[in-house]
Amino acid sequence: MSAVESDAVSGALKSAILKAAARMLEPVVRLTLEGGVGLAEFNQVVRQAYVRAAAQPSPEGKPNYSRISMLTGVSRATAAAILASAEDPPPERGVQRAERVLRGWWEDPQFCDQDGNPAVIPLRGRRSFVALVNRYSGDPRVATLLKELLRVKAVRRLPGKRLEVLSRTVATARWDSEGVAMMGERVRDLLDTLMHNLKNASHPRYARFVLSNDIDPRYVPMLVRDMSEQTQALADSFEDALSNPDARVRPRSSPGATRLGMAFYLIEEPARPDPDPSPPAKSLQRRRSPG
């Protein structure tokens with residue numbers, strides 16, 4: 001390939017990246033506008049992200065500020081200041097512990113009443129919230145877990161130090177600081193997987209998108225219900241496998257541990273016209289030579 005052809009490919013790839021970034025930014029910008037974030041503030045966040053991305057990984061083990069400045073256009077002094085500032089820690093990724101506790105409360109006969117519904121249980125005792133957490137979480141921080149369940153309104157307090165469960169799941173989609181932070185973490189996970197697959201076609205991570213652009217609105221509720229129920233069962237089975245003590249590293253903070261999971265989400269919006277419709281089938285047919 002000639003230098004000119006190489007430059008053309010590079011330019012085409014850069015154009016494609018910019019178009020993809022613009023598409024990805026559409027919901028992000030809607031989020032920032034609803035949150036009252038101006039362009040100047042957003043630019044600061046982008047600047048910080050550029051510097052931190054350019055600094056990782058560093059073969060020398062420490063930031064090469066000349067290289068970071070060359071890649072990002074940010075001055076060496078600004079890059080040094082950004083890297084010296086503390087990066088916000090990711091939100092708690094152990095939501096699955098709370099999910100396991102809630103599932104046990106709804107499904108374990110020991111914590112259900114005679115009708116099979118979740119029982120109202122005391123904080124402590126033989127059939128209590130502490131016993132439930134010990135069985136399904138194993139996390140000694142019972143008070144911390146209870147505080148989170150109360151905060152997201154999955155559980156409520158009753159007189160006499162009793163607790164009632166209200167939800168089967170921890171609500172992570174909330175319009176507050178914690179919910180927005182968790183959304184950012186989930187989007188990061190998705191984009192990281194798709195980026196990995198673009199750069200590692202020979203050993204991609206599993207990713208599949210099933211989509212139809214012409215569903216009759218009358219069938220949408222039924223399809224949403226069926227897909228949600230089937231996915232919930234699949235997610236529960238994966239959670240059981242990931243929670244298997246034999247498959248986990250102790251302690252969890254061990255440098256040899258791997259973060260592993262699967263993500264599921266539903267797409268539902270008005271159908272958009274195809275910007276680049278496929279040519280008619282007849283135009284793809286090979287012409288026969290006369291004779």
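Heavy-atom basis, side chains included; hydrogens, waters and symmetry copies ignored.
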Nearest-0.5 Å distance, CD of residue Gln48 to CG of residue Leu83: 10.0 Å
Main-chain N/O of Glu164 paired with Arg156 side-chain donor or acceptor, under 3.5 Å: no
Same apolar cluster (I L V M F W Y, side chains within < 4.5 Å links), Leu150/Leu123: yes
Donor-acceptor under 3.5 Å (Trp105 side chain, Arg168 main chain): no
Flag side-chain contact, heavy atom, 4.5 Å: Asp113 against Val120: no
Arg162, CZ atom: more than 12 neighbouring heavy atoms under 6.0 Å: yes
Ile215 and Glu268: CA distance, side-chain angles, deciding distance, side-chain contact (heavy atoms from CB on, under 4.5 Å) verdict: CA-CA 10 Å; Ile215 296 296; Glu268 182 180 353; over 6 Å; no
Atom CD of Gln114 with >12 non-hydrogen neighbours under 6.0 angstrom: no
Ser69 side-chain N/O to Ser66 backbone N/O, donor-acceptor pair under 3.5 Å: no
Whether over 12 other heavy atoms sit under 6.0 Å from Met195 CE: no
Side-chain (Asn197) to main-chain (Arg205) donor-acceptor, under 3.5 angstrom: yes
Tyr206-Phe264 co-clustered via ILVMFWY side chain contacts under 4.5 Å: yes
Rounded distance (nearest 0.5 Å) linking atom OG1 of Thr78 with atom CZ of Arg76: 12.0 Å
Backbone N/O of Arg188 and side chain of Asp192: donor-acceptor pair under 3.5 Å: no
All pairs passing side chain to side chain donor-acceptor pair (under 3.5 Å) where residues 123-133 contributes a residue, at least two apart: none
Heavy-atom donor-acceptor pair, Arg67 side chain to Ala54 backbone, under 3.5 Å: yes
Side chains of His203 and His196 in contact at under 4.5 Å (non-hydrogen atoms): yes
Tyr265 and Phe209 aromatic ring geometry - parallel, tilted or perpendicular at 30°/60° bounds: perpendicular
Those residues that, when tested against Leu25, pass side-chain contact (heavy atoms from CB on, under 4.5 Å) (two or more places apart): Val28, Val29, Phe42
Trp106 (side chain) donor-acceptor with Phe111 (main chain) under 3.5 angstrom: no
Side-chain donor/acceptor of Asp108 to backbone N/O of Gln110, under 3.5 Å: yes
Approximate separation, where rounding is to 0.5 Å, of Leu163 CG and Leu149 CG: 9.5 Å
Same apolar cluster (I L V M F W Y, side chains within < 4.5 Å links), Leu166/Phe129: no
Note, Asn64 side chain near Met70 side chain (heavy atom, < 4.5 Å): no
Met183 side chain near Leu31 side chain, heavy-atom distance below 4.5 Å: yes
Pairs involving residues 219-235, ordered by first then second residue, that meet salt bridge (charged side-chain N to carboxylate O under 4.0 Å, His left out) (sequence neighbours left out): none
